[in-house]
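Okay, structure first, notes after.
Ligands are counted one by one from 1 in listed order, and the atoms in each one are counted from 1 as well. No experiment lies behind these values; they were computed from the predicted model shown.
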Amino acid sequence: MYLIALNPNGKKVVNLKAENLVLSLYLRPNTGVTAMRKIEMVDLKVQYQKIKPSIDCAIQEVVDSAAFINGLPVKEFAAELETYLHVKHVIPCANGTDALQIAMMALDLQPGDEVICPSFTYYATVEVIALLKLNPVFVDVNPYTFTIECPEIERAITPKTKAIVPVHLYGQTVEMEPLLALANSSSIPLIEDNAQGIGGNYIFPDGTEKKTGAMGTIGCTSFFPSKNLGCYGDGGAINTNDTETADKIRMIANHGQKERYYHELIGVNSRLDTIQAAILRVKLNHLDEYITARRQAADFYDEAFSNHPKITVPQRAVYGYHVFHQYTLIVQENRDGLVKYLQAYSIPAMIYYPIPCHQQQAFIGRGRVVGDMKNTMWLSDHVISLPMHTELDKEQLIYIAETVLNFFKD
Ligand SMILES: *Cc1c(COP(=O)(O)O)cnc(C)c1O
């Protein structure tokens with residue numbers, strides 16, 4: 001099938017669709033035809049090609065060693081991530097959802113205990129709370145930073161509150177200093193959901209910086225392939241500076257045993273595969289450079305869309321370093337029309353997330369909602385995430401930006 005459309009520059013764009021292949025061609029006057037690389041939401045293929053020799057070698061070493069479970073790269077990666085995050089203990093596990101679950105188990109939370117969390121987040125954050133028969137208490141987010149903040153959290157606290165889960169959503173750092181003060185004064189542990197925030201930091205009023213995930217009682221992250229530090233399958237990690245808590249986390253992630261076949265606790269089986277750890281060791285070396293590439297793409301988008309009356313670009317909180325896991329716009333009108341329009345031009349776009357967690361079917365009759373959730377509801381209807389990854393080139397960015405702007409001109 002041929003799809004011929006005029007892009008905003010008046011250049012013809014030809015989308016050739018055959019099976020799963022979509023090839024977009026620019027027809028440039030005078031210069032002939034060149035192919036633009038297919039735009040992906042996340043381009044892991046091209047990213048892999050650039051580090052292929054080191055990745056292939058790392059995988060081969062694991063296969064040769066046959067130490068598929070708890071091989072040396074798992075310990076090495078944990079130590080390297082400890083250095084990167086400036087934390088005492090990193091405990092790798094099977095995925096980010098397990099990381100959150102194990103963190104809550106390690107804090108000895110009991111059925112009926114309340115856990116304060118955003119509703120505007122990925123479902124896994126709140127799912128584990130309910131799974132452990134804890135009571136999620138949903139608070140609204142700041143409409144510009146997309147994250148939860150102190151006044152609302154304070155309002156949600158009761159004597160039953162046993163944990164707070166701030167989420168560094170889209171790579172935006174939660175405003176941590178007031179939250180740490182609140183957690184401290186009320187003796188409520190913080191579990192940072194750092195699945196989208198790894199590599200980011202928080203700048204304290206006195207100028208000191210700390211990595212996201214490394215400020216709360218426990219930090220949790222995910223190495224799902226599309227995350228900023230992604231492996232080639234599932235993976236996750238839990239970190240803490242408290243040695244006692246770290247020991248408990250290690251035990252819980254390993255069937256509640258310290259010594260093999262002597263089970264002290266009810267735990268789970270949650271491990272990071274050696275192959276994934278070997279891959280992550282290679283990719284951790286590139287994390288900062290990947291974040292720079294994401295921020296450069298974000299800079300380009302910002303420049304294209306700021307001052308547009310119908311588009312709000314993602315705020316970059318002054319107290320943090322945004323790692324742009326997602327680049328999420330707020331559009332005033334016809335968000336769903338924009339998604340379809342972009343699709344027609346072979347540009348993927350995603351809605352993170354269309355239904356707030358407190359309104360998910362599974363949460364009917366569960367949890368407690370604090371306040372009117374006005375921002376959460378509004379954002380769910382108005383956010384759109386554009387392609388964001390480490391391999392976006394200028395041509396693709398121009399094409400995406402022009403197409404978005406053209407939609408609002410039509
Ligand atoms: C991805 C993600 C998780 C879960 O991670 P998995 O590795 O997919 O289990 C949890 N919270 C947030 C905010 C996430 O983005």
How far is atom 9 (O) of ligand 1 from its nearest protein heavy atom, and which residue and atom is that?
Thr97 OG1, 2.5 Å
The protein heavy atom nearest to atom 15 (O) of ligand 1 is Gln196 NE2, 2.8 Å
Which atoms of ligand 1 have any heavy atom of Ser222 under 4.0 Å away?
5 (O), 6 (P), 7 (O)
Among Asn228, Asn239, Thr212, exactly one meets side chain to side chain donor-acceptor pair (under 3.5 Å) together with Asn194. Which residue is that?
Thr212
Can you tell me if Gln47 and Lys283 form a side-chain donor-acceptor pair at under 3.5 Å?
yes
Given Tyr123, Phe223, Tyr352, Phe224, identify the one with the heavy atom nearest to atom 8 (O) of ligand 1.
Phe224
Donor-acceptor side-chain pairing of Asp206 and Thr208 below 3.5 angstrom
yes
Hey, does Met377 have a side-chain heavy atom less than 4.5 Å from the side chain of His358?
yes
Protein contact to atom 13 (C) of ligand 1 [nearest heavy atom, distance to 0.1 Å]
Asp193 OD2, 3.4 Å
Just jot down the ring-ring contact (aromatic ring centres under 6.0 Å, His included) partners of His168, sequence neighbours excluded, or say none.
none
Shortest protein heavy-atom distance from atom 14 (C) of ligand 1, along with the residue and atom involved
Lys227 NZ, 3.2 Å
Decide whether an N or O pair under 3.5 Å exists between Gly96 and ligand 1.
yes
Taking only heavy atoms of Asn95 into account, list the atoms of ligand 1 that are under 4.0 Å away from them.
7 (O), 9 (O)
Between Thr97 and Glu127, is there a side-chain donor-acceptor contact under 3.5 Å, judged purely by atom types and distance?
no
Between Asp140 and Asn375, is there a donor-acceptor pair closer than 3.5 Å when you use the side chain of the first and the backbone of the second?
yes
Ligand-residue contact atoms, ligand 1 with Ala124, heavy atoms, under 4.0 Å:
4 (C), 10 (C)
